[in-house]
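Here's the structure we're looking at; comments come further down.
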Amino acid sequence: MITVDGLGKSFTLHNQGTTVIPVLENGNFQVNPGECVALTGVSGAGKSTVMRILYGNYLAQAGRVMIDGLDITKAEPREILNLRRHTLGYVSQFLRVVPRVPTIDVVSEPLLSVGKSEEEARERARDLLSRLAIPERLWELSPTTFSGGEQQRVNIARGFAHTYPALLLDEPTASLDAQNRETVMTLIEEAKTAGTAIVGIFHDVAARDRVADREVDVTAFTPRLAA
Amino acid sequence: MSDVIPLLDIQNLSKNYGARVGCRDVSFKLYPGEVMGVVGESGSGKSTLLNCMAGHLTPDTGQILFDTRAEGPRDTLRMSEPERRMLGRTDWAFVHQNPRDGLRMRVSAGGNVGERLMAVGARHYGNIRHAAEDWLERVEIDTDRMDDRPAQFSGGMQQRLQIARNLVSGPRLVFMDEPTGGLDVSVQARLLDLLRGLVRKMGLSAIIVTHDLAVVRLLADRLMVMKDGDVVETGLTDQVLDDPQHAYTQLLVSSVLQV
């Protein structure tokens with residue numbers, strides 16, 4: 001489902017003396033449907049950078065990233081948006097909220113945009129919000145004013161609303177209490193059973209050991225510094 | 001996906017003001033349902049480009065192919081004046097930064113919306129009034145203000161009225177020039193949310209010129225960055241903002257104050 005081949009990435013800072021910072025070199029791995037691969041490596045090794053490239057949020061300088069047959073590194077914006085709508089989900093650490101949109105709509109939106117009925121989308125949203133222990137009296141409110149933990153759970157509900165064939169998870173269990181953590185673990189396992197290919201960053205070792213089938217150490221892609 | 005006909009296909013568009021460059025050799029394709037943001041500082045050529053596309057200015061060179069309902073892609077620069085004006089009333093809409101440029105200030109709010117419908121042939125008074133009421137509601141203006149003149153409205157309400165006037169005739173392509181410029185941030189947020197909802201629900205294609213990066217992050221699927229009349233960078237909106245490649249875009253993104 002996901003194939004990363006010879007991936008290279010550097011940042012060129014034009015306004016700081018045109019400094020070039022190489023961050024990834026010759027990154028290779030693949031993820032099959034129903035499989036969860038955990039990215040590991042020390043902080044700064046490039047785990048989040050890899051995730052962002054997979055999502056089309058960062059540009060790669062070398063290599064290919066094939067997701068469901070589309071090379072993300074060369075795709076047109078509308079192709080990437082279409083892929084994100086139907087095929088590729090991303091649960092980031094922070095919820096980017098649009099002002100004034102009620103929580104229930106934030107969670108239903110991914111389903112509506114793939115053509116599900118209002119009724120079906122809301123049903124799924126209600127189910128997920130209940131499972132993630134967001135009190136019902138908050139559903140009609142915008143999550144803008146929610147606590148950090150509540151926002152994160154809304155974000156997870158949104159990310160799991162549609163069953164994407166490929167899913168990226170950036171620390172999905174960070175700062176969750178035991179019960180919500182358990183719920184997220186179950187959601188991940190359900191997605192795997194449904195055939196979703198998952199790439200995740202888990203600092204929570206117990207969570208990683210439970211859901212990940214394999215680990216990919218990103219340190220192997222860190223360019224050797226000439227020194 | 002490559003077999004979809006672009007709604008708008010701009011080829012090598014240039015416009016000079018005497019020796020000064022307005023915009024230079026701009027080419028891009030806009031597909032149905034896409035929202036594109038054009039950003040850049042004052043004088044970067046973004047408004048020149050928008051006005052050339054909307055037929056307010058005549059470019060020196062280039063082609064503007066628009067996928068018309070009846071005849072497929074046509075170069076709007078080679079259309080007759082009446083044809084182009086008809087397009088401006090039916091398939092296109094233009095939202096000005098200053099609502100006074102897009103509204104008739106001496107005509108009632110309802111009249112402003114209804115007039116657009118009459119221009120495309122609506123004649124039944126009851127239907128027109130009903131459509132105007134419906135649109136005032138959609139842009140969150142109380143229908144008991146329907147017979148008031150826009151001069152009696154706040155800036156934010158005037159802007160919402162201008163949007164209703166533009167969208168009532170069901171355009172396929174909307175040009176917006178700094179639609180939230182000059183409004184309070186709280187009013188801006190409401191307007192942006194409204195625009196976002198309308199664009200998604202109606203499946204509109206839009207080109208939004210602004211210098212506000214928060215506006216494009218919220219509304220635009222893709223982004224074009226202009227400097228001194230040239231397009232210096234294009235791409236998916238979040239990619240251009242989070243991983244800018246060109247020196248000028250990097251400067252633009254890093255100059256935004258964090259709140």
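Lettering of chains follows the sequences in order, A, B, ..., and the numbering in each one begins at 1. Computed from a predicted structure; not experimentally measured.
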Nearest atoms (heavy-atom pairs only) where [X] meets [Y]:
X: A/His14; Y: B/Ala247; value: CB-CB, 3.3 Å
X: A/Pro77; Y: B/Gly235; value: CG-C, 4.0 Å
X: B/Leu236; Y: A/Ile80; value: CD2-CG2, 3.6 Å

Item to complete: Give a yes or no on this: more than 12 heavy atoms of other residues, nucleotides or ligands lie within 6.0 Å of atom NZ of A/Lys74.
Response: yes

Practice prompt. Might you confirm whether atom CZ of A/Arg137 has over 12 heavy atoms from other residues, nucleotides or ligands at distances under 6.0 Å?
Written response: no

Approximate separation, where rounding is to 0.5 Å, of [X] [atom1] and [Y] [atom2]:
X: B/Gln250; Y: A/Leu13; atom1: CD; atom2: CG; result: 6.0 Å
X: B/Thr249; Y: A/Asn15; atom1: OG1; atom2: CG; result: 10.0 Å
X: B/His246; Y: A/Thr12; atom1: NE2; atom2: OG1; result: 12.5 Å
X: B/Asp242; Y: A/Tyr55; atom1: CG; atom2: OH; result: 11.5 Å
X: A/Ile72; Y: B/Gln239; atom1: CD1; atom2: CD; result: 11.0 Å

Worksheet entry | Close approach to chain A in residues 204-217 of chain B, criterion heavy atom under 4.5 Å | B/Arg217

Worksheet, complete the sentence: Residue pairs meeting salt bridge (Lys or Arg N to Asp or Glu O under 4.0 Å), one or both in residues 153-172 of chain A, sequence neighbours left out, come to A/Glu109-A/Arg158

Discussion item. Run B/Gln245 and A/Gln61 through side chain to side chain contact (heavy atoms under 4.5 Å, CB included) and show every step you take.
Written reply: CA-CA 11 Å; B/Gln245 305 294 307; A/Gln61 266 71 42; 3.6 Å; yes

Worksheet item: Among B/Arg222, B/Glu34, B/Lys29, whose side-chain contact (heavy atoms from CB on, under 4.5 Å) with A/Arg78 holds?
Response: B/Glu34

Discussion item. Could you check whether any side-chain heavy atom of B/Asp243 comes within less than 4.5 Å of a side-chain heavy atom of A/Lys9, counting everything from C-beta outward?
Written reply: yes

Item to complete: Decide, yes or no, whether a salt bridge links B/Asp221 with A/Arg84 under the criterion of side-chain N to carboxylate O below 4.0 Å.
Response: no

Discussion item. Please classify the contact between A/Phe11 and chain B as side chain, backbone, both or neither, with a heavy-atom cut-off of under 4.5 Å.
Written reply: side chain

Item to complete: Select one option (side chain, backbone, both, neither) describing which atoms of B/Leu218 are under 4.5 Å from chain A's heavy atoms.
Response: side chain

